[in-house]
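All remarks here apply to the structure that follows.
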Amino acid sequence: MSGAGGEYPSDLTDEQWALPKGGRREKHPRRRIVNAIFYVVRTGCAWRQLPKDFAPWPTVYWYFTWWHDDGTVERIHDALRGQIREADGRNVEPSAGLIDSQSVRTADTVPAATRGFDAGKKVKGRKRFIVTDTLGLLLAVHVVAASVQDRDGARRPLLWTRLDHPGVKKIWADQGFAGRLVDWTTTVLGRELEIVRKDSDQRGFQVQPKRWAVERTLSWITAHRRLARDYETSPARSETMIRWAMIGIMVRRLTRGRPATRPGPRPLVRQQP
């Protein structure tokens, strides 16, 4: 069965599954449930379109919602982040962070009340705000309508970061977060929000110092087809989908034990007639 045999690329290996400790045996093994969720996140398929060799889709979706509601996903995510930071020689809790936003289109299943239009990006949908540490690991995520301005939508993830990670004293952001948000962060949260500005002579895209890690994290997230567009009826469920994507990224990193490498170009070999 794919749930334990690793037949799909999104499945956890034995080593990866050993990271979160298991519990009692159930009718549908937890590993099959987790692999099914990763399959949805990675491939973007609808719940009802899950292959039959996973557990039944209503069971998988029930676990997805239950683990969302009781905080299991957040606890697993945070435990894995701490392991990665320790493996990298860092303290478990970070001292600095980065914030950015990303506007994405939504499916027609998304309620109109949670959608909006981002006039700057010309995107009708939702906006994701994420705060990461300097390694690009997720500290906070908040999903809102795309019409919400950066300086307004950033307040809640900045507040969550202040409460959940009090050691974070400084956060870097781009010019979209400049203005009154900087003063609010200082006076209300007692933290420094530093704006990283583009060079005056910059033309086109250029990697920004300090901020490249959070931009890379957004690229990691949208590499998952379920997150290339927002399909969730609830913004909170969208946040959980993002955490699932980060859990998959982190377990692969922990079990790989080295930085990721990309295969080089392969020479074209002509087939003999």
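This is a predicted model, so every value here is computed, not measured.
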Checklist line | Backbone N/O of T43 and side chain of R225: donor-acceptor pair under 3.5 Å | finding: no
Checklist line | Distance-minimising heavy-atom pair for D133 and P94 | finding: CB-CB, 3.8 Å
Checklist line | The single option from V214, I99, D100, L98 passing side-chain contact (heavy atoms from CB on, under 4.5 Å) against D174 | finding: D100
Check: Is there side-chain contact between M250 and L137, with at least one heavy-atom pair below 4.5 Å?
Finding: yes
Next item on the list: State yes or no: do L218 and V144 share one hydrophobic cluster built from I, L, V, M, F, W and Y residues joined by side-chain heavy-atom distances below 4.5 Å, directly or via other members?
Entry: no
Note to self: Looking at every heavy atom in both R81 and D78, which two are closest together, and how far apart are they?
What the structure shows: NH1-OD1, 3.1 Å
Note to self: Can you classify the ring geometry of H142 versus W160 as parallel (below 30°), tilted (30 to 60°) or perpendicular (above 60°)?
What the structure shows: perpendicular
Item checked: Short N-O contact, D230 and R115, less than 4.0 angstrom -> no
Check: If you round to the nearest 0.5 Å, how far is OG1 of T134 from CH2 of W212?
Finding: 8.5 Å
Check: Under 4.0 Å between a Lys/Arg side-chain N and an Asp/Glu carboxylate O for R226 and E232?
Finding: yes
Check: Side chain of D88, backbone of R90: donor and acceptor closer than 3.5 Å?
Finding: no
Notebook entry, point to check: Of all heavy-atom pairs between W220 and I249, which one has the smallest distance, and what is that distance?
Noted result: CB-CD1, 3.6 Å
Notebook entry, point to check: Distance-only, no hydrogens or angles: does the K127 side chain make a donor-acceptor pair with backbone N or O of S101 under 3.5 Å?
Noted result: no
Margin query: On a heavy-atom basis, which atom in T233 and which in P111 lie closest, and how many Å separate them?
Written below: O-CD, 3.3 Å
Next item on the list: Please check if the side chain of R32 supplies one atom and the backbone of F54 the other of a donor-acceptor pair under 3.5 Å.
Entry: yes
Note to self: Under a 3.5 Å distance rule, please check whether R126 uses its side chain to pair with a backbone N or O of T106 as donor and acceptor.
What the structure shows: no
Check: Is there a donor-acceptor pair under 3.5 Å between the side chain of E93 and the backbone N or O of H165?
Finding: no
Check: For the atom pair CZ (R229) and OG1 (T222), what is the distance rounded to the nearest 0.5 Å?
Finding: 13.0 Å
Item checked: Distance (rounded to the nearest 0.5 Å) between I242 CD1 and H224 NE2 -> 11.0 Å
Margin query: Under the criterion side chain to side chain contact (heavy atoms under 4.5 Å, CB included), I'd like the reasoning laid out for R237 against M241: C-alpha separation, chi angles, the key distance, then a yes or no.
Written below: CA-CA 6 Å; R237 297 284 167 80; M241 277 290 181; 5.9 Å; no
Item checked: Steps toward side chain to side chain contact (heavy atoms under 4.5 Å, CB included) verdict (I247, H77) -> CA-CA 6 Å; I247 288 171; H77 173 275; 3.9 Å; yes
Check: Passes side chain to side chain contact (heavy atoms under 4.5 Å, CB included), Y39 versus N35? Steps please.
Finding: CA-CA 6 Å; Y39 186 88; N35 281 341; over 6 Å; no
Margin query: For R75, I'd like to know if atom CZ has over 12 heavy atoms of other residues, nucleotides or ligands within 6.0 Å.
Written below: yes
Next item on the list: For the pair W244 and W67, name the ring-plane relationship: parallel under 30°, tilted 30 to 60°, perpendicular over 60°.
Entry: tilted
Item checked: Atom pair CD1/CZ of I84 and R253 - distance to nearest 0.5 Å -> 5.0 Å
Margin query: Within this structure, what is the CD1-CD1 distance for the pair I171 and I195, rounded to the nearest 0.5 Å?
Written below: 10.5 Å
Margin query: Which heavy atom of P157 sits nearest to which heavy atom of G153, and what is that distance?
Written below: CD-O, 3.2 Å
List the atom pairs, with distances to 0.1 Å, where a side-chain N or O of residues 182-190 and a protein N or O form a donor-acceptor pair under 3.5 Å, not counting sequence neighbours.
unit_1 : atom_1 : unit_2 : atom_2 : d
T185   : OG1    : L181   : O      : 2.8
T186   : OG1    : V182   : O      : 3.1
T187   : OG1    : D183   : O      : 2.9

Item checked: Cluster check V123, I130: I/L/V/M/F/W/Y, side chain < 4.5 angstrom -> no
Next item on the list: Show your reasoning for whether side chain to side chain contact (heavy atoms under 4.5 Å, CB included) applies to F129 and D150.
Entry: CA-CA 8 Å; F129 290 87; D150 283 356; 3.7 Å; yes
Notebook entry, point to check: Just by modelled atom types, is the W172 backbone N or O under 3.5 Å from a matching donor or acceptor in the R211 side chain?
Noted result: no
Notebook entry, point to check: So do the side chains of E86 and V92 get within less than 4.5 Å of each other, counting heavy atoms only?
Noted result: yes
Next item on the list: Output yes when R180 and D152 qualify as a salt bridge under the 4.0 Å nitrogen-oxygen rule, no when they do not.
Entry: yes
Check: Distance only, no hydrogens: is a donor on one side chain within 3.5 Å (strictly under) of an acceptor on the other, for S219 and R216?
Finding: no
Margin query: For V143, is there any backbone N or O sitting under 3.5 Å from a side-chain donor or acceptor partner on R128?
Written below: no
Item checked: Same cluster (ILVMFWY, side-chain, under 4.5 Å), L138 and L158 -> no
Next item on the list: Group every Ile, Leu, Val, Met, Phe, Trp and Tyr by side-chain heavy-atom contacts under 4.5 Å, then state whether L135 and V251 land in the same group.
Entry: yes
Note to self: Which residue in the set W62, Y61, W57 passes ring-ring contact (aromatic ring centres under 6.0 Å, His included) when paired with W47?
What the structure shows: Y61
Next item on the list: Sorted by first residue and then second, give each salt bridge (charged side-chain N to carboxylate O under 4.0 Å, His left out) pair with at least one member in residues 42-51; sequence neighbours left out.
Entry: none
Next item on the list: Answer with yes or no whether the hydrophobic clustering places V141 together with F64; edges join I, L, V, M, F, W, Y residues whose side-chain heavy atoms lie under 4.5 Å apart.
Entry: yes
Next item on the list: Determine the minimum heavy-atom distance between A173 and L193, stating which atoms define it.
Entry: CB-CD1, 3.9 Å
Item checked: Heavy-atom side-chain proximity of T217 to M246 below 4.5 angstrom -> yes
Margin query: For the NZ atom of K170 and the OG atom of S95, what is their distance to the nearest 0.5 Å?
Written below: 10.5 Å
